[in-house]
Protein chains: 2
Amino acid sequence: MENNSIFVEKLRSSGLRPTKQRIKICKLLFDRKETFHFTINNLSKILKKDKSEKISLATIYNTVHSFKKKGYLKEISVNQNKSYFDTNTSNHHHFLDINTNELIDLKNEDVHNIKIKKRIPGKKINSIEVLVKIENSN
Amino acid sequence: MENNSIFVEKLRSSGLRPTKQRIKICKLLFDRKETFHFTINNLSKILKKDKSEKISLATIYNTVHSFKKKGYLKEISVNQNKSYFDTNTSNHHHFLDINTNELIDLKNEDVHNIKIKKRIPGKKINSIEVLVKIENSN
DNA sequence: CACTACTTTAGAATCATTATAAATTATAAA
DNA sequence: TTTATAATTTATAATGATTCTAAAGTAGTG
Ligand SMILES: [Mn+2]
Ligand SMILES: [Mn+2]
Ligand SMILES: [Zn+2]
Ligand SMILES: [Zn+2]
């Protein structure tokens, strides 16, 4: 109820009406210091904890997709069953813990310069993403 | 009907009975020089062309999954809707054409040495995969 | 040939996601 | 403030890829 104004502005400035559902999801997603990686199911469970104001699953999908469209979220493909979303929308690399399915951001400095020597005629590079799968070291 | 014996042996040696369905799928997948990247839907459509011997969708799923389990196929995650499979089971990198959704293998020499400077305590690296998204250059 | 375990198959079930259409709400105009 | 309108939320249905089920068919073995 306090500094919601930041999110109200954020929403208004991108042409989205600041509904209470969107503001709540904004706070959950963007009011944190670290990158947040989540699935719809994760988000849904967190939102369900507040039984006072239930947000429908359809709204969760709608909101996440409109935030993605506005560039506030990025979709990550690491697993074919579920979509992961990422509050870090810059081009960056990931660790994927294959024991827990958790994504962890890598800073660009953490990955040595990547150079692709091959080119495909008529095509240009759009992005380069590194996925480092990690597992328990025993 | 000729050099099926290669595939019959391949199947037998991995404890899979050489049924006509499996042999047919083997020929389609492994009797080629280039790496083959496909979805179940792709494979299904190709198999449907031969109307003389229909293979059920369940068998296509079963076969692809047992080939994966035996190490003859690798599953690739580039898209959250569909699973891609790859006849190149080594650790390797890809171009993904975002206009056509086509995967193209990169040789290891095509990607400059990748070094990951960050480590997570208690975790070891399992694999490093680079996905280079490409698009029409105009 | 006879037996058994493995395989194939059609169809049902599951599950994430998207679509639908009616009720609600935010916003701007009156 | 009231009204009008378009945007939004919602419950529910629909979709589509994948997996499950259980019955019929087949390969391997003796
Ligand atoms: Mn999506
Ligand atoms: Mn799978
Ligand atoms: Zn990230
Ligand atoms: Zn490949």
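The basis for the numbers below is simple: all heavy atoms, side chains too, and nothing from hydrogens, waters or symmetry mates. Since this is a predicted model, take the numbers as computed values, not measurements. Convention: sequence-line order gives letters A, B, ...; per-chain numbering from 1.
Here the rule is side chain to side chain contact (heavy atoms under 4.5 Å, CB included) with A/K118, and of B/V111, B/D105, B/I104 only B/I104 fits it.
Comparing atom distances between the B/S56 side chain and each of C/dT9, D/dA11, D/dT18 picks out C/dT9 as nearest. Considering only the side chain of B/A58, C/dT9 comes nearest among C/dT9, D/dT9, D/dT18. Considering only side-chain atoms of B/Y61, the nucleotide from D/dT19, D/dC20, D/dG28 that sits closest is D/dT19. For A/R22, taking side-chain heavy atoms from C-beta onward, the closest of the listed nucleotides C/dT18, D/dT9, C/dT8 is D/dT9. Picking from D/dT18, C/dT8, D/dT10 the nucleotide with the shortest atom distance to the side chain of B/T59 gives C/dT8. For A/P18, whose side chain is taken as the heavy atoms from C-beta onward, the closest listed nucleotide among D/dT18, C/dT27, C/dT18 is C/dT27.
A donor-acceptor pair shorter than 3.5 Å cannot be found between the side chains of B/H37 and B/N42.
Protein atom CD1 of B/I25 is 9 Å distant from nucleotide atom P of C/dT9, rounded to whole Å. What separates CG of B/L11 from P of D/dT26 is a distance of 18 Å, to the nearest Å. We find that CG of B/L57 is positioned 11 Å from C1' of C/dG11, with the value rounded to whole Å. Summarising the geometry, the separation between CG on A/N62 and P on C/dA23 is reported as 19 Å, rounded to the nearest angstrom. Between the CD atom of A/Q21 and the P atom of C/dT25 there is a distance of 9 Å, rounded to whole Å. Separating the CD1 atom of A/I60 from the C1' atom of D/dT10 is a distance of 12 Å, rounded to the nearest angstrom. The nearest whole Å value for the distance from the CD1 atom in A/I55 to the P atom in D/dA11 is 11 Å. Rounded to a whole Å, the CD1 atom of A/I23 is 14 Å from the C1' atom of D/dT9.
Aromatic ring centroids of A/F30 and A/F67 lie under 6.0 Å apart.
With hydrogens and angles disregarded, a donor-acceptor distance shorter than 3.5 Å links the side chain of A/R22 to the backbone of A/R17. Distance alone, capped at 3.5 Å, places no donor-acceptor pair between the B/K123 side chain and the A/I134 backbone. Put simply, the side chain of A/K10 never gets that close to the backbone of A/C26: no donor and acceptor are under 3.5 Å apart.
Pair check for C/dA29 finds D/dT2; Watson-Crick or G-U wobble, both atom distances under 3.5 Å.
For the pair A/G15 and B/I40, both in contact range of DNA chain D, the more 5′-proximal nearest nucleotide belongs to A/G15.
Not one side-chain nitrogen or oxygen of B/H65 sits closer than 4.0 Å to the OP1 or OP2 atom of D/dT18. Residue A/K54 places at least one side-chain N or O under 4.0 Å from the OP1 or OP2 atom of D/dA11. Not one side-chain nitrogen or oxygen of B/R17 sits closer than 4.0 Å to the OP1 or OP2 atom of D/dG28. For the pair B/T19 and C/dT8, the criterion of a side-chain N or O lying under 4.0 Å from OP1 or OP2 is met. In terms of phosphate contacts, B/R12 brings no side-chain nitrogen or oxygen within less than 4.0 Å of OP1 or OP2 of D/dA27.
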